Amino acid sequence: TPLIHRSDYQPLAYRITEIALDVHLDPENTEVSARLHFLRQNPEPVKEIHLDGEGLELLEIRRDGQLLSENSYVVNGAGLTLLNPEADFVLETRVRIHPAANSALSGLYHAGGQFLTQCEAEGFRRITYYQDRPDCLAKFTVTLHGPKDTCPVLLANGNCVAQGEDAQGFHWARWEDPYPKPAYLFAMVGGDLAAMRDTFTTQSGRQVALEIYVAERDLGACSQAMESLKRAMRWDEEVYGREYDLDRYMIVATDSFNMGAMENKGLNIFNSKYVLASPETATDTDYQGIESVIAHEYFHNWTGNRVTLRDWFQLSLKEGLTVFRDQEFSADMNSRGVQRIGDVRRLRAAQFPEDAGPLAHPVRPDAYSEINNFYTATVYEKGAELVRMLHTLLGKEGFRRGTDLYFERHDGHAVTIEDFVEALEDANHTDLSRFRTWYAQAGTPLVKAQGVYDPKAHTYTLTLSQSTPATPGQAHKEPVPIPVRMALINTQGEKTALDSRGDREKVLVLEEATQTWTFTEQPDPVIPSLLRGFSAPVRLENPLDDQSRSFLACVDDDPFNRWESTQELALQALLAGTQNPGTVQHFPDALERALAATLQDGAMDPAFRAELLSLPSEDYVGEQMAVIAVDAIHQARDALLSQIGHHFHDTWLNLYHDLAGAYARDGLSIGRRRLRNMALSYLVYSDRHREDDMTLHARQQYVQADNMTDRLAAFQLLVQHPLHDAEDILMDFYQKWQDYPLVIDKWFAIQAMAPRADALRHVQHLLVHSAFDWKVPNRVRAVLGAFTVNHTVFHAADGSGYAFFAEQIRRLDDINPQTAARLATPLSRWQRYDEVRQKAMIQALQLLAAKPHLSRDLAEVIQRAYP
Ligand code: B3K
Ligand code: ZN
């Protein structure tokens, strides 16, 4: 498959100033008429114009009202080429498309009785012939026609300017979006939907109508989404001075969606997972997910929509910046420390492995074959970390000056990451040339720290050095500027003064391969607290002894580093455990002390306390090993969990009882539930190998819970217990929630993640369950996505997990290539496993490569995974 290169960018020869669409919605055969105004940008004539088009049946084509003769255009699988075009003209086309057969969920599709669109990145070309690229900005007018009974609601971007009746049970509505936009932000919806309505008054006093469209029966489950939207709108005014610009903001929820949500101008389309929540059906984590995704899509209105992308290589310009904005919003709405820990956890779980494997790519990639494969953790999460570093380097005010200038300069334009960095530079009269390397270079830098305390001179000398491992296509790496926020902590647990001004915290910028800093007037020995708040997306090697780590775990006032110290102790214990699988594990004193301190500290925020008490994931442990020892890691982690459970048994039991309380949605109650369910988990682990009466607590909680957080926590413990028979609970859960797809997704996922002896057979059964549906990505991810994190089963040494998985991906590729390609990425990590597993993983990749009609999406992933 051909590669598209960033360096090949060419500006458009023609603008499309206006587009008018006329759409007759029909599940089987929809007709789309388009009227496009073309305007040449330069005086020189061009030979041809290429319009993208995919799977379109051309019924009619006219230029300036005249039917076009056959020798003035060419149609093929990639689109429509107009030959010898005039300087300006109007093109009219009429095409036929088939929404019900569109299981790829890109373009216009019909699912769950609704018509929906998804155009990012290149879905619009599946609706009509167009210059389907983000730098083609046009004013859209859309007229939708549909049956009144199944489509009483007809929506598109902008304002509804007219509506009326068509013949026999049909009606129409016309929508106009006053803001020129790229086609990827186009959306239309037709269906039988009810709306939850509210209003928001902007800072300048304009009233905006807010509407969330869902099925009638879900109207009661929209309040978290609505409240989050209003909070996000206010926050963007307060923190960035950004006001909403249309009179109406619409959100539509659907069960059939390839990703989380989509920021279409004035008409967001959402996976219902990020809209619907009630205490009975959604967990606290689900509620938080809604808050952050609603905010993310709203923030795109300025970072993405008003200022958009020149080309897809700039994707992180909108995604990295918008993720940073949503992370900061969530930090302001909830606990900043806990939020940061969660963000870093996600970065390490998804982005670090990506950056260390064959799919590694820079935040601004240089080439792609299928752009949908580049909506990655690198573009999103690492991209957000780069913006966060810029924020750290410029300071809050400096960063705001920079974004103000960015919006002022580029509003209404399609721009590049370079434009963003330049705006930050110009607004602050500073030079960020070296920082640009972060956008161009893949791989996670490794920072090594070496500290020496001189008791005679009363100095502490810190040497930091950096190196970045080679990644595909980039053998040689440059140093990057790494902001290292730091403090020195003395034996009393206090931060010492670092300079004559008395600053107790500093940001050192490590720009060279190695640099040294000396801190004078340090009368006592100190321990360095480095990379506070995780100030840069790097791996840090800070050679502290367990004693010092345990000390920091108890006294460090930086929440992230306090957490990190405990994690590091637990990680060392787990790694040691993998060396001697099967033997009784040593529970290190330093870890014991750190956990005990947290367990005793009743004054601490319970959500943060829960973070401090949780162990690193199997994935994270595996990442630190030369060869990922799948089974040994699982056993070591199980063993440590049951030791911690056993050792603090009475404390856990007291916590479990003390933290019981009536359900409420405030931060403190959420934290208490989190900690209480963690206590329950440790209790159940404490008798992991004898099936004591602790599962009775879980059973009781499952039955008595009045909310999904508590019910699901108990459900998961029971279903995933290697010895417990949870058949009755599985049945009960299914019967209660069978009409709630989002809850049934959990039912599927928890089973697919259960590390039980018969797991593979069980997952095979899930795929033929009557509620399983290959066409619904949420459901497919609930089984196949969850299966890939069931490590001991997916990575079974006999290769059965891989073989089974590859077969399913083959099947899915014919239905939904985007989802298939994404799900297949765990196979790309084959180099990280032992030889036997490597062979089996490669075999699975080869099985996929040999598939007939392999999609471009999946082909690219396989090709890069095993070149
Ligand atoms: N911009 C969309 C993602 C589109 C993915 C296309 N494969 C959602 C978001 O990041 O807000
Ligand atoms: Zn986004």
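Here the structure is a predicted model, which means the values were calculated and not measured. Counting starts at 1 for both ligands and their atoms, in listed order. Numbers here are sequence positions counted from 1.
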Just to confirm my numbers, could you give the angle made at the Zn ion (ligand 2) by OE1 of Glu319 and NE2 of His296, rounded to 10°?
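About 110° at the Zn ion (ligand 2).
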
Polar contact flag, side-chain donor to acceptor under 3.5 angstrom, Asn301-Asp245:
yes

Quick one about Glu263 and His296 (side-chain donor to acceptor, distance below 3.5 Å, no hydrogens or angles considered), yes or no?
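There is no such pair (donor and acceptor under 3.5 Å, judged by atom type) between the side chains of His296 and Glu263.
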
Nearest protein heavy atom to atom 8 (C) of ligand 1, by residue and atom, and its distance?
Ala261 O, 2.9 Å

For atom 3 (C) of ligand 1, what's the nearest protein heavy-atom neighbour? Residue, atom name and distance, please.
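For this ligand atom, the closest protein heavy atom is Tyr380 OH, 3.5 Å.
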
Close-contact set for ligand 1 against [X] heavy atoms, below 4.0 Å:
| X | value |
| --- | --- |
| Glu319 | 1 (N), 9 (C), 10 (O) |
| Glu263 | 1 (N), 2 (C), 8 (C), 9 (C), 11 (O) |
| Lys318 | 1 (N) |
| His300 | 9 (C), 10 (O), 11 (O) |
| Met262 | 1 (N), 2 (C) |

Apply side-chain hydrogen bond (donor to acceptor under 3.5 Å, both in side chains) to the pair Ser535 and Thr392, showing each step before the final yes or no.
CA-CA 8 Å; Ser535 57; Thr392 301; over 6 Å; no

Do we get Arg231 above Phe329's six-membered ring, with its NZ or CZ under 6.0 Å from the centre and within 45° of the axis?
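Judged by the rule, Arg231 and Phe329 form no cation-pi pair.
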
Taking the six-membered ring of Tyr179, is NZ or CZ of Lys265 closer than 6.0 Å to its centre and within 45° of its axis?
yes

N/O to N/O below 3.5 Å, does that happen between Glu120 and ligand 1?
yes

What about Asn372: any of its N or O atoms under 3.5 Å from an N or O on ligand 1?
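By distance alone, the answer is yes.
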
Does Phe324 reach the side chain of Leu390, with side-chain heavy atoms less than 4.5 Å apart?
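No. Closest side-chain heavy atoms not under 4.5 Å.
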
Please determine if Glu328 and Arg388 form a salt bridge, counting it only when a charged side-chain N lies under 4.0 Å from a carboxylate O.
yes

Is the closest basic N to carboxylate O distance between Asp814 and Arg810 below 4.0 Å?
no

To which of Phe374, Tyr375, Tyr184 does the heavy atom nearest atom 5 (C) of ligand 1 belong?
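Nearest option to atom 5 (C) of ligand 1, by heavy atoms: Tyr375.
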
